[in-house]
Amino acid sequence: MDTLCSLSGLDPLWLLGFFLVSFGFVEFFYILLERRQEIQQHLVFLLSPIIRSLTVVLAVCVIHWERVRGCRSSVFLFFFWLLGVVCSLIPLHAKVQLTLDQGLSSDIVRYLAFFSYFALQLAQLFFSCFADRAPSGKAALKNACPVQDASFLSKILFWWFSGLVFKGYRSPLQAEDLWSLREEDTSEKIISDLEEEWTAERTKLQQQENHLSTSIALGSRLPEQAQFLRKIQKEQSWGFCLLRTLARSFGHYFLNGTLCLMVHDAFMFSVPQVLSLLLGFMKDEDAPLWKGYFYASLMFLLSCLQSVFNHQYTYTCFTVGMRVKTAVMGLVYRKSLVVNSASRRTCTVGEIVNLVSADTQKLMDFVVYFNAVWLAPIEVTLCLFFLWQQLGPSALAGIATVIFIFPLNGFIARQRSKLQEIQMKYMDGRVKLMNEILNGIKILKFYAWEKAFLEQVLGYREKELKTLKKSQILYSVSLASFNSSSFLIAFAMFGVYVLIDDKNVLDAQKIFVSMALINILKTPLSQLPFAMSTTMQALVSLKRLGKFLCQDELKPDNVTKESFKSDVDGVVFENGTFSWSKDGPACLKGRISVRVPCGSLVAVVGHVGSGKSSLLSAILGETEKRSGAVSVKGSIAYVPQQAWIQNASLQDNILFGREKKESWYQRVLEACALLPDLDNLPAGDATEIGEKGLNLSGGQKQRVSLARAVCRKADVYLLDDPLSAVDAHVGQHIFNKVIGPKGILRDKTRVLVTHGMSFLPQADLILVLVDGEISERGSYQELLNRNGAFADFIHTFASSERKECFSEASQRGSRRLSVRLSVTEYMPFSRDLSQEQLISGDTNSITIEPLPDSDEDHIPEDLGKLTKVDKARIGRVKLEMYIEYFRTIGLPLIVSIVFLYAFQQAASLSYNYWLSLWADQPVINGTQLNTDLKLGVYGALGFAQGIAIFGTTLAISLGCIIASRHLHLDLLNNVLHSPMSFFESTPSGNLLNRFAKEIDAIDNMIPDGLKMMLGYFFKLMEVCIIVLMATPFAAVIILPMAFLYGFIQSFYVATSCQLRRLESVSRSPIYTHLNETVQGASVIRAFNEQSRFIMGANHKVDHNQTAYFPRFVATRWLGVNLELLGNGIVLAASILSVMAKGTLSPGMVGLAVSHSLQVTGFLSWIVRSWTDVENNIVSVERVKEYADTPKEAAWSIEGSSLPPSWPQKGTIEFQDYGLQYRKGLELALKGISVHIKEREKIGIVGRTGAGKSSLALGIFRILEAAKGQIYIDGINIAEIGLHDLRSRITIIPQDPVLFSGSLRMNLDPFDAYSDEEVWNALELAHLKNFVSELPDKLNHECSEGGENLSLGQRQLVCLARALLRKTNILVLDEATAALDLETDTLIQSTIRSQFEDCAVLTIAHRLNTIMDYTKVIVMDKGHIIEMDSPSNLIAKRGQFYYMCREAGLL
């Protein structure tokens, strides 16, 4: 190719042009000199060479002009040289004939000039098939898409794609083999153009709505029905608004494709007219043979042009679809960054993921099939017009049939649209629930709630499949009517034609030209229901997208942001009232007025739910401003109450997009108490942190979040209780080094929400919040002097808190600062570190043993990696995957499907052959005999085929629904039975992708692909039998063609399947990134990092499109090449029929040629649908992927003799118990032997990493024993089911997790307790007053993650769960960190009183909470070093004594 391109450089083309002009002028002068007399009679002889020479001069000028413009392949010149060569063929034939008859001697100069001229024209045509070389100075893009450098011929035949196909055939494609996106397809280019359009359109729409709302407000209140109708109208207007915007941006390119489609239609309707001429030729015995060959060649040419224009149209549509997908994803992502809190609560992460997965796909389908909605009726009209020409008024019977079919399918499309909307609603619910399950999987495992949530998911799934089944039954009716439409129309027309007049004779020309037209008619009739259905689905998706994109956004005027000035107040509230939604109750009331001077430290205190976090949100502009004003001077850094951590390296989380300055960075790590722990990390600060900080404890996450803010060097710092989740001594260190008067933020404006009383004396101003109002304000001393509620509170709780603080701080003298950053991924063991062990930081006890020799060459780049990237499998899909899929359908159903297909095509073959016999029947006295019988047989066979079509489509649909149900159930079971380590290392985006996109493909794409593939395969069998019956010699052509098709298919399928996998793999990060962004939107906005995250989203979408673009081009490459080859069968059938003119009947020729016209489409669709099935079977492969991952032990064991009331006593006995996090590692717990009696209260203490939480993990069997046993009430827990164990004991974990649903469901998902018991638990958890004030009481709807409750309230709900279960064993893991001290004290007393009869194990970070316990276990390096009552341990003066003395408790 490079050689050819070099030949087509500037000099060869100019040289060829010069010679062409020269030969023209040579001929001109020769004629002028030698043939003067002839010129006088025939001036054309002289004008011809002049015109030819001048046109060549013009062509050379065009070459130069296009080179100057940078055009490397000219469409104009390609057609010029092509037409030149075609027009020269007739004179060439004449010259060759004359030469053969008379020889060259008569006029040798003219002959040589013409032949040379023709040869040079051919050379020019040849060179114009290739593109010129790129200019030497032009910088080439890395791995640039070859379409930009391809020639015109290569573009229209997609030969530029061949390189990737061959590469994919030789070895499986990898992501780096794919081309870069063209500039016009990149997210940045598409969205920058679209965003302005959309903003203007949305503003205009909102103004109209505001105007309408104002006019309604002035008048009377609308009745409910009118309000409902207005709401629907409003949602539809949002959808049309989005459609208008997309049309303005991409409409012009889409119209180019529409023009190609119209040209394709012109060629499509020309083919039956040429067939009519060919059949006329077969009847005319005197017609010259060249006419037959001409008609055959013309039919071949028209078929080829039809293929070319059809694929150019489809390519254009898919390109537009791809750009629409990029545009919509970009708009949704950007919207998720600006949507306000009230709107955010109405759309969950699962729903937003559905918008960018399912709904964007519906819009892409709409772009491809929309033209059929308006063009199909035109094509139907043209078909009926040409049928009128053949059959006269009888064609009206066909119109009547079409009129009957249209409303039926219109009705079905509308019903399916409604069902699809219902199905999408259930799918949204299912995906949303799965998202929450994946986020809260730890709680599900601790509480043994998997079954309850599994039932909820299956409930959604059953409703989804029930709706899908109804939709598929309707679709089967629709397909049966459309696939039988050609027969029904033919039957109606032929029946009316022969019955209205005996003289009406059906000959071959009438029958087979009519059948060719009816076959054309089938295309628009089959496309129309799908196009209508797709359009309806797209309108639903547009409405959903429009609704989300038109949601209320955060108002920029909520906060006035000004540049930093050191001499003015940093934050100012003036008479402010704020709420979370426009119409909701105020969360901050009482006209708040506060001035925060620059460089001051303001502490905000108050009970749980008093509005502390809301105050910070008001400063950030996250709340609705009802009245007053808020202003902030300078940049903001924000530390949220629940730390938001990205799935990135520790360093990336801290720098958060800023450039690393080593000295400042190290200073920040030291101040935030992160430095010592970097030694424990396999890759230092390059260690990957899991999704949502899975592999960090609450304290670690909070300190990373704080380090992110400190690193920013902002002017104003908003700190939402960052010290609650850390040990008190670490909290004191951070306060001193970071927040306090001597910290590195001492000159910054700091607003600190805190429950820590010890920090308050150092605050410049303290704000006390009660129920959203500032009840008191002033310095610490001022508030104490007032002797108000705050002073009482301080006197009651400060002393104990201070003691505790000193105790923890003093520990630093005896040990290294314990910053609990866990070891996240040292290759031998990290992925198996349980989340609980990581959260509590018990990793110091793990030592790394030398690796076996085989592992010594481990790749250093993998150090610090945690999450497993969603990798594409390579090679063809294994046969086992198909067997697995079809096994779930069941053998009886598969046999029925194959039988019905065979019966369907046998009926079709019979009625087509019957028609050819009818056409060849001799005409006696102007009529044909037994027309009634012929019509009856024809009708019976056709109706039998229609019933079989309905049966096959319905059987496939039902079989695939059965398979889909099994596959989803298996996936769900496999995921829920996986251990915690699996969820730590698998991003939730990967899992959500399986439950959303892959299951959707199994539900919808595989059944459609199977219907199409089997349908076309059996039709192909029918056509081959018919062609071979007519012209057996065609086997010589068909067999080589079949091998060639198989060869092309093997190339295509290998590449296409791998592209499908790469595209699927690159889709998951989009969802993960979106999920992460939605959850951290407030942090991203506070740090003003929206543009960086948008660039990240653009990159991920573009990466996905680099795999999607070649995927759809591969189908076009296949289609064009197969159809060009298939058109050879049309040519062969036509030529062979012409050659056998004397022996073949017109009926048989008509049957063979009219069916051969369909072979091209059939073969192409078989390969394409087979590839679609194989591509989508990849979804089955990806869903089955998790079947082989490690699983937990059985949830329950059949025949277990476990007493219903077990454990009655609550005794726990460890016998030489050992625990390890992975085989081959040192034990984390070593030889633990301890007996805990009933009703004993055990405190477990020890340095960080001593193995405290490992004991809890062992009791709940989150990790299985490496040696020894644990007995509870004398029963070995290893011998009972996990749910039998976990449901009978209770833990209150450190992180409170709630699920969307009612408050009651969050407390009691199995409905095992009465309302009275639930209320009693809420009262004991100090939540009764709060819940009773809610409008819906226990049915109060918790939003996703419980976001509509404060963190403290969520922790109290977790306590209520434990109180409700009231098991005889309770494990506490420092569960009150997020609570104020007053509530904490109340809860400690509740636990003491309510669990008095239970065995309580408390993993204690605060020694004062366990001083009244029965026993204390002191652990160190996985061993129990001391165990006795607190008083005895103090008397022994061991390690516990020194810990207590350090804590100031002695």
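No cation-pi contact links Arg323 to Phe250, judged by a cut-off of 6.0 Å to the six-membered ring centre and 45° from its axis. Geometrically, Arg1092 does not engage Phe1087 in a cation-pi contact, judged by NZ or CZ lying under 6.0 Å from the ring centre and within 45° of the ring axis.
With salt bridges taken as basic N to acidic carboxylate O contacts below 4.0 Å, one links Arg1067 and Glu1063. We find that Glu197 and Arg244 are not joined by a salt bridge, their nearest charged nitrogen and carboxylate oxygen being 4.0 Å or further apart. A salt bridge links Arg1182 and Glu998; the closest N-O separation between the charged side-chain nitrogens and carboxylate oxygens is under 4.0 Å. Salt-bridge check for Lys432 with Glu351: failed, with every basic side-chain N at 4.0 Å or more from each acidic carboxylate O. In this structure, Asp1003 pairs ionically with Arg461, as a charged nitrogen and a carboxylate oxygen lie closer than 4.0 Å. In this structure, Arg202 pairs ionically with Glu553, as a charged nitrogen and a carboxylate oxygen lie closer than 4.0 Å. With respect to the salt-bridge test (charged N to carboxylate O, under 4.0 angstrom), the residues Arg182 and Asp185 qualify.
Across every non-hydrogen atom of Arg626 and Ser579, the tightest pair is NE-OG, 3.1 Å.
Surrounding NZ of Lys625 are more than 12 heavy atoms belonging to other residues, nucleotides or ligands, all under 6.0 Å away. Counting heavy-atom neighbours within 6.0 Å of His1099 NE2, excluding the residue itself, gives a total of 12 or less.
If you look at Tyr1186 and Phe982, their ring centroids are closer than 6.0 Å.
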